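This report concerns only the one structure given below.
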Amino acid sequence: MSEARYRMICIDLDGTLLCPRGTVTDRVRNAIHQALRAGLLVVFATGRNWTESRTVLEAVQHYDSAVFVGGAMVVDTKNEVTLHRTMMEPSLAAEVSDLLERNGHAVLALQDTGSAGVDYVVSAEIPVNTETARWMSMTRAALHRVPRLGNFSHQHTIRVGIVAEPSETARLQEQLAAQFGERIVTQAIRVPTANVDVLEIFDPAVNKWQGILHVARRHEIDPSQIICIGDDLNDLPMIRNAGLGVAMGNARPEVKAVAKLTIKPNHEEGLAEFLEELVERHLVEPEVE
């Protein structure tokens with residue numbers, strides 16, 4: 001690998017940068033700063049929104065352009081400026097919310113926080129489950145409750161979602177596909193420690209790779225010069241399209257199948273080892289499974 005081949009590294013947070021405890025280890029933080037000192041542009045690309053990511057950015061101490069909400073938002077985190085956003089069409093968000101509420105689920109409508117003043121609008125008439133309440137408490141997300149999101153205006157809605165057991169999210173994905181087809185894109189993100197999925201519904205133009213391309217264009221970086229590292233289904237577009245797509249050892253099989261390289265899992269500091277090797281030798285070798 002030549003020194004100039006890669007200029008930009010895009011890193012997922014949960015399951016990739018974060019260890020299984022959900023924290024940033026010293027070795028990972030130091031490896032990221034090694035990459036920065038080597039002149040590489042480091043971009044975080046996460047399904048979280050900015051509020052939910054702040055503690056991670058504080059732990060790493062790296063503030064630059066970052067891709068949030070699975071690609072729906074790109075934010076200059078240093079200057080706290082939104083560079084790009086893709087909203088859901090309000091009537092579509094209301095229709096999706098109505099279907100989910102009729103199936104007995106409290107809906108979480110992620111908002112453009114800067115415009116709406118809150119992070120989530122949540123169904124008030126249907127109780128949220130334990131995992132949803134825990135996540136909102138841990139991330140200190142600001143909530144606004146309304147009786148039903150099927151009747152909400154959705155002026156600032158970026159994403160609609162629920163938290164449920166995997167069998168239930170699979171059932172709902174079939175219903176959503178039958179009713180909405182290509183009008184939406186859905187993804188179920190697994191939370192293995194809790195045996196639940198986060199089912200997310202977006203505008204079909206949204207994915208992490210599109211957000212990453214927005215950052216790359218600002219820096220005149222070609223897609224072939226980008227490394228993308230992740231572990232879950234929402235990482236598939238960026239790993240498939242990057243110059244070097246990297247799967248964590250703990251990644252879903254679908255992610256490993258499209259990656260050009262698989263590294264050690266997050267509980268073995270796989271990301272840190274990869275970055276150290278990249279900076280020191282500009283050479284990476286796949287893990288033998």
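Just so we're clear, the structure is a prediction, and the values are computed from it rather than from any experiment. Computation of the quantities below employed the complete heavy-atom set of this structure, encompassing side-chain atoms and omitting hydrogens, waters and symmetry-equivalent molecules.
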- Task: Find the distance between CG (Asn266) and SG (Cys19) and round it off to the nearest 0.5 Å.
- Result: 7.0 Å
- Message: If you count heavy atoms of other groups shown closer than 6.0 angstrom to CD of Glu220, is the number above 12?
- Response: no
- Point-to-point distance, once rounded to the nearest 0.5 Å, from OG of Ser65 to CG of Leu41: 7.5 Å
- Message: Would you say Asn103 and Gln175 are linked by a side-chain donor-acceptor pair, where the criterion is simply a distance under 3.5 Å?
- Response: yes
- Query: Looking at Ile162 and Ala106, what are the two nearest heavy atoms and their distance?
  - Reply: CG2-O, 3.6 Å
- Audit row: Ile221, Tyr6, side chain to side chain contact (heavy atoms under 4.5 Å, CB included) steps and yes/no: CA-CA 9 Å; Ile221 294 174; Tyr6 298 113; over 6 Å; no
- Item | Sub-4.5 Å side-chain heavy-atom contact between Asn30 and His33 | no
- Query: In this structure, which one of Thr77, Asp64, Val67, Val60 forms a side chain to side chain contact (heavy atoms under 4.5 Å, CB included) with Phe44?
  - Reply: Val60
- Item | Side chains of Leu236 and Val258 in contact at under 4.5 Å (non-hydrogen atoms) | yes
- Message: Under 4.0 Å between a side-chain nitrogen and a carboxylate oxygen: does that hold for Glu174 and Arg171?
- Response: no
- Task: Return yes when atom CZ of Arg140 has more than 12 non-hydrogen atoms of other residues, nucleotides or ligands closer than 6.0 Å, and no otherwise.
- Result: no
- Item | Value rounded to 0.5 Å, distance of CG in Asn129 from CD in Glu165 | 9.5 Å
- Flag the pair Pro223 / Trp209 as yes when at least one side-chain heavy-atom distance between them is below 4.5 Å, and no otherwise. yes
- Message: Are Ile11 and Thr16 packed together at the side-chain level, in the sense that at least one heavy-atom pair is separated by less than 4.5 angstrom?
- Response: yes
- Determine, stepwise, if the pair Leu83 / Arg218 fulfils side chain to side chain contact (heavy atoms under 4.5 Å, CB included). CA-CA 10 Å; Leu83 304 174; Arg218 291 174 62 89; 3.8 Å; yes
- Message: Can you tell me how far apart CD1 (Ile201) and CD (Glu95) are? Round to the nearest 0.5 Å.
- Response: 13.0 Å
- Can you tell me how far the CG atom of Asp112 sits from the OG1 atom of Thr86, to the nearest 0.5 Å? 11.0 Å
- Message: Restricting to non-hydrogen atoms, name the atom on Glu101 and the atom on Ser123 that form the minimum distance, rounded to 0.1 Å.
- Response: OE2-OG, 2.6 Å
- Does a salt bridge link Arg48 with Asp14, judged by any charged N lying under 4.0 Å from a carboxylate O? yes
- Test side chain to side chain donor-acceptor pair (under 3.5 Å) on Gln111 and Thr157 and set out the steps. CA-CA 5 Å; Gln111 304 294 286; Thr157 295; 2.9 Å; yes
- Query: Is there a donor in the side chain of Glu168 and an acceptor in the side chain of His105, or the other way round, less than 3.5 Å apart?
  - Reply: yes
- Message: For Asp119, give me all partners under salt bridge (charged side-chain N to carboxylate O under 4.0 Å, His left out), at least two apart in sequence or on another chain.
- Response: none
- Can you list the steps and then say if Val107 with Val160 is a side chain to side chain contact (heavy atoms under 4.5 Å, CB included)? CA-CA 7 Å; Val107 175; Val160 169; 3.5 Å; yes
- Message: Check for me, please, whether Leu92 and Leu176 land in the same ILVMFWY cluster - side-chain distances under 4.5 Å, paths through other members count.
- Response: yes
- Message: I'd like to know whether CD of Glu125 has more than 12 heavy-atom contacts from other residues, nucleotides or ligands below 6.0 angstrom.
- Response: yes
- Message: Could you walk me through whether Leu275 and Val42 satisfy the side chain to side chain contact (heavy atoms under 4.5 Å, CB included) test, starting with their C-alpha distance in whole Å, then the side-chain angles of each, then the deciding distance to 0.1 Å, before giving a yes or no?
- Response: CA-CA 11 Å; Leu275 294 176; Val42 177; over 6 Å; no
- Thinking salt bridges, do Lys208 and Asp235 make one under a 4.0 Å N-O criterion? yes
- Message: A side-chain contact here means heavy atoms from C-beta on lying under 4.5 Å apart; do Leu18 and Val24 qualify?
- Response: yes
- salt_bridge(Arg27, Glu269) N-O dist < 4.0 Å: no
- Message: Does any part of the side chain of Ile189, heavy atoms only, come nearer than 4.5 Å to the side chain of Asn234, both counted from C-beta?
- Response: yes
- Query: When hydrophobic residues are tied together by side-chain contacts of less than 4.5 Å, even through go-betweens, does Ile158 share a cluster with Val81?
  - Reply: no
- Message: Hydrogens and angles aside, do Tyr120 and Arg159 bring a side-chain donor and acceptor to less than 3.5 Å of each other?
- Response: yes
- Message: Between Glu89 and Arg183, does any side-chain N to carboxylate O distance fall below 4.0 Å?
- Response: no
- Query: Is there a side-chain contact between Lys264 and Glu273 (heavy atoms, below 4.5 Å)?
  - Reply: yes
- Item | Student check: side-chain heavy atoms of Ile212 and Met8 closer than 4.5 Å | yes
- Task: Of all the heavy-atom pairs spanning Leu172 and Leu199, show the shortest one and how long it is.
- Result: CB-CD2, 4.0 Å
- CG of Asp232 to OG1 of Thr46, rounded to nearest 0.5 Å, is 10.5 Å
- Once the angle between the rings of Trp50 and Phe68 is folded into 0 to 90°, is it parallel (under 30°), tilted (30 to 60°) or perpendicular (over 60°)? parallel
